[in-house]
Amino acid sequence: MENNIKNNEDIQPLSPEEIKAIGEIAIGPSKHEQFLNAHYKKVMWGGITLAIAAGCVIAFFSHRNDMRQEAAAQVVQAMKHVGPGNGIASAAEYDAAVLQQIRQEFSATPSAVTAELMNGLALIAKGDEAGVAALESVAAGTAPVALRARALAALATYQLENEKDSVPTWTRITQMEASPYTALAYVMLGDLAKEKGDKEAARNWYEQCKSKCPTSVLVTDKTVEMRLTLLDVDAPTPVEAAPEPQKQDTNPFGSPFGDVPEVGETKFNEGL
């Protein structure tokens, strides 16, 4: 019996491979511990650098947002009516000094483009040809399509008012991405073609407006449909008005009481 009992000294310890296999303990440091031990300083400085970079990015976007908000507030200020009511001013009343400040101090913000557009609108409203160049600058730039189309629409309207050819300008709007001014451009092109007597060209522009701008108010309120209907209606031929018959005196012998006084007068026939 005693021979079958082994002393503790006789029990062979497990090999490191056996201990690792059954997961009782880890043999030596893990791989990530070895990496940290070897690159501790690099990891520490990398973390500090990343934190600084993140702080700079946050500060940049925060500053940019503040600049954009301030520029937008300046745009509103330039549009304020200084007279009674304190409403929205007309284009000719925009504050030119404020617009110039926006374009200089906030040139990196979207409001700078809006200020350039407003400057062009103000100039042409005053009859200044310099507004044409300002509007062309906005239209040819990288501003959002709505602003570029707005500049072209204002330029085309100015050309119409000054009896210049506005067809190329309206056409440029139809060649851009869809905007709130696309339907207007199609309708104006149709109207101009109709004025020249080209009914087929007018019909084509109106039909394009219906197909490409189906949600525009010019389509939904039947404005375009009415124009298409009127294309097939011939204008009435002017007729000379018939001469009015001459009034005859019902009493060729005159009034026995003399001139009849008008209402409110107190004059009577002196011969009676």
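All heavy atoms count here, side chains included; hydrogens, waters and symmetry mates do not. Owing to the predicted nature of the structure, the values given are computational and were not obtained by experimental measurement.
- Residues passing the side-chain hydrogen bond (donor to acceptor under 3.5 Å, both in side chains) test with Trp205, sequence neighbours excluded: none.
- Taking all atoms of both residues into account, the shortest heavy-atom contact from Ala146 to Pro180 is CB-CD, 4.3 Å.
- Taken to the nearest 0.5 Å, the CD atom of Glu225 stands 10.5 Å off from the CG atom of Leu230.
- Leu121 and Tyr158 fall within the same hydrophobic cluster, defined by Ile, Leu, Val, Met, Phe, Trp and Tyr side-chain heavy atoms under 4.5 Å apart, directly or through other members.
- Gln159 places a side-chain heavy atom less than 4.5 Å from the side chain of Thr169.
- Annotation: salt bridge (charged side-chain N to carboxylate O under 4.0 Å, His left out) contacts of Lys126 (sequence neighbours excluded): none.
- The shortest heavy-atom contact between Ile173 and Ala149 is CD1-O, 3.9 Å.
- To the nearest 0.5 Å, atoms CD1 (Ile124) and CD (Glu161) are separated by 7.5 Å.
- Leu152 and Leu184 fall within a single hydrophobic cluster, where Ile, Leu, Val, Met, Phe, Trp and Tyr side chains are chained together by heavy-atom contacts under 4.5 Å.
- For Thr220 (side chain) and Ser216 (main-chain N/O), a donor-acceptor pair under 3.5 Å exists by modelled atom type.
- Within the structure, no pair that satisfies the salt bridge (Lys or Arg N to Asp or Glu O under 4.0 Å) test touches residues 176-186, not counting sequence neighbours.
- With sequence neighbours excluded, no residue satisfies side-chain hydrogen bond (donor to acceptor under 3.5 Å, both in side chains) with Asp165.
- From Tyr186, atom OH reaches atom OG of Ser211 across 7.0 Å, with rounding to the nearest 0.5 Å.
- Residues satisfying the salt bridge (charged side-chain N to carboxylate O under 4.0 Å, His left out) criterion with Glu207, sequence neighbours excluded, are absent altogether.
- Sequence neighbours left out, the pairs with a member in residues 180-191 that pass salt bridge (Lys or Arg N to Asp or Glu O under 4.0 Å) are Asp191-Arg227.
- Counting heavy atoms from C-beta on, the side chains of Leu192 and Ser166 come closer than 4.5 Å.
- In this structure, the side chain of Asp198 engages the main chain of Ala201 through a donor-acceptor pair within 3.5 Å.
- Applying the side-chain hydrogen bond (donor to acceptor under 3.5 Å, both in side chains) test to every pair with at least one member in residues 139-156, sequence neighbours left out, gives these pairs: Arg150-Tyr181.
- Residues satisfying the side chain to side chain contact (heavy atoms under 4.5 Å, CB included) criterion with Leu147, sequence neighbours excluded, are Val113, Thr114, Leu117, Ala143, Pro144.
- At a threshold of 4.5 Å between non-hydrogen side-chain atoms, the residues Arg203 and Lys194 do not count as touching.
- Contact record, Leu135 with Ala154: CD1-CB, 4.1 Å, taken as the closest heavy-atom pair.
- Among residues at least two apart or in separate chains, salt bridge (Lys or Arg N to Asp or Glu O under 4.0 Å) pairs with a member in residues 129-147 are Glu129-Lys164, Glu136-Arg172.
- The nearest pair of heavy atoms linking Thr182 to Cys213 is CG2-SG, 3.7 Å.
- For Thr174, there are no side-chain hydrogen bond (donor to acceptor under 3.5 Å, both in side chains) partners two or more places apart in sequence or in a different chain.
- The shortest distance between side-chain heavy atoms of Leu160 and Trp170 falls below 4.5 Å.
- No donor-acceptor pair under 3.5 Å is formed between the side chain of Thr223 and the backbone N or O of Val219.
- Between Ile102 and Ser111, the shortest heavy-atom contact is CG2-O, 3.7 Å.
- Note on residues 109-124: pairs passing salt bridge (Lys or Arg N to Asp or Glu O under 4.0 Å), not counting sequence neighbours, are Arg103-Glu116.
- The nearest pair of heavy atoms linking Val187 to Cys209 is CG2-SG, 4.0 Å.
- Taking the side-chain hydrogen bond (donor to acceptor under 3.5 Å, both in side chains) definition, one finds that Thr157 meets it with nothing, sequence neighbours left out.
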